[in-house]
Amino acid sequence: MKKRNWLLLAAALCAAPLSMAQTGNAKPIRIIVTFAAGGPVDFVARTIAGPMGKVLERTVIVENKPGANGAIGASDVMRAEPDGNTLWLTSVGAAAINQSLYDKLPYDMQRDFSPVSLVVDNNEVFVVKTENPAQDATDLIARAKRGKEPLPIGSSGTGSIPHLALAQLESATGAQLLHVPYNGMAPALNDLMGGQVQGVFADVPAVMGHLKGGRLKALGMASQRRHPGLPEVKTFEEQGIKGMDTNNWYGLFVSAKTPAEVIDTLNKAVRQAVADPATHKRLADSGAEPKASTPQELSALLKADTQKWAQLIKIRHIKVSQ
């Protein structure tokens, strides 16, 4: 081959970004989950890991690093090489809410991370015991206003999406509601079943089994549209209660120093994984709404939700102890 042709070939190879499958990198890709194994975020991570691996022709593993409200896992992603081999799957809390709840965080979403793709949406549904006489959310609020004592409503913790949904409901209706925070959704649901609290906002996947089994009933969806898995449950707005709009979405992020071509490769893998019929069905059957996105769409969503929740947290004077 002539020298000129060798030079042209070398230039072409340098200009064309290698896909992650072509790098020959034997290290597995890690999806960091800042929650314990067995939870809903962990379930989503493990559901997409295999299909993503097939697309990328790489092994994709899930590592659970709970603690410090997401900061431990986030710091791990920040310290990792920015080569696309370490991803962070997080819910909206650590991504868009924490910075308004805590005076000091070891990470900054805009500075330290780049969005890859949305994975699922998780809107909040308000549930009560099946025996509760309220027929819908409007009826419940009317009963609460007639009561002599504030209606106790549980949540998975101060500053969580269920708590913020409750704060939206109080602002929208003027009803007296007593926030009862728990350390996670499981104990909140246990006390709902036991009658210690009268209602709970929850991600649909957390209560889908209880709703289908008849142990709980749904009074309203805190979203702009009805949930495809619960088409009979009206939104709060359909019931005349405006301002109820929550979405505990899960999204994938990488280090902000990761090259754009690597992010593009990862994004395509996520989109193909979520679109896979078996993966899509498994996610939907759990109650989550599969929804991949472009990095730009996730960036816009992160910005909008950060502003929305910051405003509510400020107005309601919500803070957590550090």
Side-chain angles (χ1 to χ4, degrees), residues 20 27-53 55-56 58-99 101-102 105-122 160-161 203 247-260 262-271 273-274 283 288 290-303 305-306 309:
M20 298 184 72
K27 291 196 306 181
I29 295 174
R30 300 186 301 150
I31 297 179
I32 304 299
V33 172
T34 53
F35 297 92
V41 181
D42 178 72
F43 168 79
V44 170
R46 295 181 190 280
T47 299
I48 66 170
M52 280 185 64
V55 175
L56 296 169
R58 298 275 300 282
T59 299
V60 179
I61 62 174
V62 176
E63 290 188 10
N64 301 92
K65 297 200 172 183
N69 294 285
I72 293 176
S75 297
D76 187 73
V77 178
M78 289 163 53
R79 290 192 301 267
E81 288 293 324
D83 53 10
N85 288 334
T86 306
L87 297 90
W88 180 25
L89 180 66
T90 179
S91 62
V92 68
I97 297 174
N98 274 1
Q99 68 181 44
L101 286 176
Y102 298 93
L105 277 180
Y107 64 90
D108 180 281
M109 290 302 299
Q110 302 298 327
R111 180 194 66 208
D112 299 321
F113 298 98
S114 291
V116 175
S117 175
L118 190 67
V119 181
V120 297
D121 279 343
N122 280 308
S160 64
I161 281 286
D203 293 1
N247 181 1
N248 190 15
W249 48 260
Y250 302 168
L252 278 167
F253 295 83
V254 290
S255 165
K257 299 176 182 179
T258 305
V262 173
I263 294 175
D264 182 61
T265 298
L266 290 169
N267 177 264
K268 290 176 181 177
V270 176
R271 293 166 77 88
V274 173
L283 292 171
K291 188 178 181 181
S293 72
T294 65
Q296 293 75 23
E297 288 169 337
L298 178 53
S299 178
L301 178 61
L302 174 64
K303 182 178 180 179
D305 273 13
T306 300
W309 296 126

Please name the pair of heavy atoms, one in [X] and one in [Y], separated by the smallest distance, quoted to 0.1 Å.
{"X": "Val120", "Y": "Pro290", "result": "CG1-CA, 4.0 Å"}
{"X": "Gly93", "Y": "Asn248", "result": "N-OD1, 4.4 Å"}
{"X": "Ala95", "Y": "Thr306", "result": "O-OG1, 4.3 Å"}
{"X": "Pro106", "Y": "Arg111", "result": "O-NH2, 4.4 Å"}

Nearest-0.5 Å distance that lies between atom [atom1] in [X] and atom [atom2] in [Y]:
{"X": "Gln99", "Y": "Asp108", "atom1": "CD", "atom2": "CG", "result": "6.5 Å"}
{"X": "Ile48", "Y": "Ile31", "atom1": "CD1", "atom2": "CD1", "result": "4.5 Å"}
{"X": "Ser91", "Y": "Asn122", "atom1": "OG", "atom2": "CG", "result": "9.0 Å"}
{"X": "Leu118", "Y": "Arg271", "atom1": "CG", "atom2": "CZ", "result": "10.5 Å"}
{"X": "Ile263", "Y": "Leu252", "atom1": "CD1", "atom2": "CG", "result": "11.5 Å"}

Side-chain touch [X]/[Y], heavy atoms, less than 4.5 angstrom:
{"X": "Met109", "Y": "Phe253", "result": "yes"}
{"X": "Val274", "Y": "Lys291", "result": "no"}
{"X": "Trp249", "Y": "Leu298", "result": "yes"}
{"X": "Ser114", "Y": "Thr258", "result": "no"}
{"X": "Val77", "Y": "Asp112", "result": "no"}
{"X": "Phe35", "Y": "Pro40", "result": "no"}
{"X": "Thr265", "Y": "Leu56", "result": "yes"}
{"X": "Val262", "Y": "Asp83", "result": "no"}

side-chain contact (heavy atoms from CB on, under 4.5 Å) evaluation trace for Ile97 with Ile161: CA-CA 9 Å; Ile97 297 174; Ile161 281 286; 3.7 Å; yes
Counting N and O atoms only, with roles assigned by atom type, does the side chain of [X] sit under 3.5 Å from a partner on the main chain of [Y], one being a donor and the other an acceptor?
{"X": "Arg58", "Y": "Lys27", "value": "yes"}
{"X": "Asp203", "Y": "Asp121", "value": "no"}
{"X": "Ser117", "Y": "Ser293", "value": "yes"}
{"X": "Ser299", "Y": "Pro295", "value": "no"}
{"X": "Asn267", "Y": "Val116", "value": "yes"}

Short side-chain donor-acceptor distance under 3.5 Å, Asp305 and Asn247: no
Of all pairs that satisfy ring-ring contact (aromatic ring centres under 6.0 Å, His included), the ones with a partner from residues 60-93, not counting sequence neighbours: Trp88-Tyr107, Trp88-Phe113
Trace of the side-chain contact (heavy atoms from CB on, under 4.5 Å) decision for Thr34 with Ile72: CA-CA 7 Å; Thr34 53; Ile72 293 176; over 6 Å; no
Positive for side chain to side chain contact (heavy atoms under 4.5 Å, CB included) with Arg30, one of Thr59, Asn85, Asp76, Val62: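 When Thr59, Asn85, Asp76, Val62 are each tested with Arg30, the side chain to side chain contact (heavy atoms under 4.5 Å, CB included) holds only for Asp76.
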